[in-house]
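For reference, the structure is listed below as structure tokens.
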Amino acid sequence: MISTTGTVCPYCGWPDDAEPFHMVSRHGTATGSTVWTRCGCGSLQVRAVDNGGARIVSRSRPADVPWSPAGQ
């Protein structure tokens with residue numbers, strides 16, 4: 001999967017387009033697909049994949065990281 005964002009996970013610092021990430025599910029859409037992945041640190045990510053590559057459009061924090069308003 002090729003990332004077009006050049007971003008890293010804010011929780012572990014691992015590049016979004018690098019292994020390890022675990023594909024949870026893939027769903028076809030009219031323009032490509034939506035892929036749910038889990039980063040090595042446990043963060044769940046939603047990736048929109050089309051002809052331009054992959055973009056992370058939503059991300060959760062890992063289960064062991066407490067919510068903080070300062071983290072927004």
Side-chain angles (χ1 to χ4, degrees):
M1 200 177 295
I2 299 170
S3 174
T4 59
T5 60
T7 59
V8 298
C9 177
Y11 303 105
C12 67
W14 197 258
D16 287 331
D17 60 349
E19 299 286 341
F21 65 83
H22 172 74
M23 184 168 39
V24 178
S25 67
R26 179 184 301 263
H27 307 277
T29 66
T31 60
S33 63
T34 299
V35 180
W36 291 74
T37 62
R38 191 168 300 276
C39 180
C41 70
S43 171
L44 187 63
Q45 305 159 357
V46 180
R47 300 171 185 236
V49 182
D50 57 22
N51 291 336
R55 296 172 311 287
I56 293 182
V57 296
S58 183
R59 178 190 321 259
S60 75
R61 66 185 184 276
D64 62 347
V65 175
W67 180 83
S68 166
Q72 293 184 347

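Everything numeric here is computed off the predicted structure, so don't read it as measured data.
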Would the distance check show the side chain of Ser60 and the main-chain N or O of Ser43 forming a donor-acceptor pair, the cut-off being under 3.5 Å? no

Under a 3.5 Å distance rule, please check whether Ser58 uses its side chain to pair with a backbone N or O of Val46 as donor and acceptor. no

Nearest non-hydrogen partners of Ser25 and His27, listed with the distance: OG-NE2, 3.0 Å

Transitive ILVMFWY side-chain link Val57 to Val24, under 4.5 Å: yes

Please determine whether a side-chain nitrogen of the Lys or Arg among Arg47 and Asp16 lies less than 4.0 Å from a carboxylate oxygen of the Asp or Glu. no

Does some side-chain heavy atom of Thr7 sit less than 4.5 Å from a side-chain heavy atom of Arg59? yes

Is the shortest heavy-atom distance from the side chain of Arg26 to the side chain of Trp36 under 4.5 Å? no

Find out whether Leu44 and Arg61 are in side-chain contact, i.e. whether some heavy atom of one side chain is under 4.5 Å from a heavy atom of the other. no

Taking all non-hydrogen atoms of both residues into account, name the closest pair between Ala54 and Val49 and its distance. CB-CG2, 3.9 Å

Which atom of Asp50 lies closest to which atom of Gly52, heavy atoms considered: OD1-N, 2.9 Å

What's the separation between atom SG in Cys39 and atom OH in Tyr11, rounded to the nearest 0.5 Å? 10.5 Å

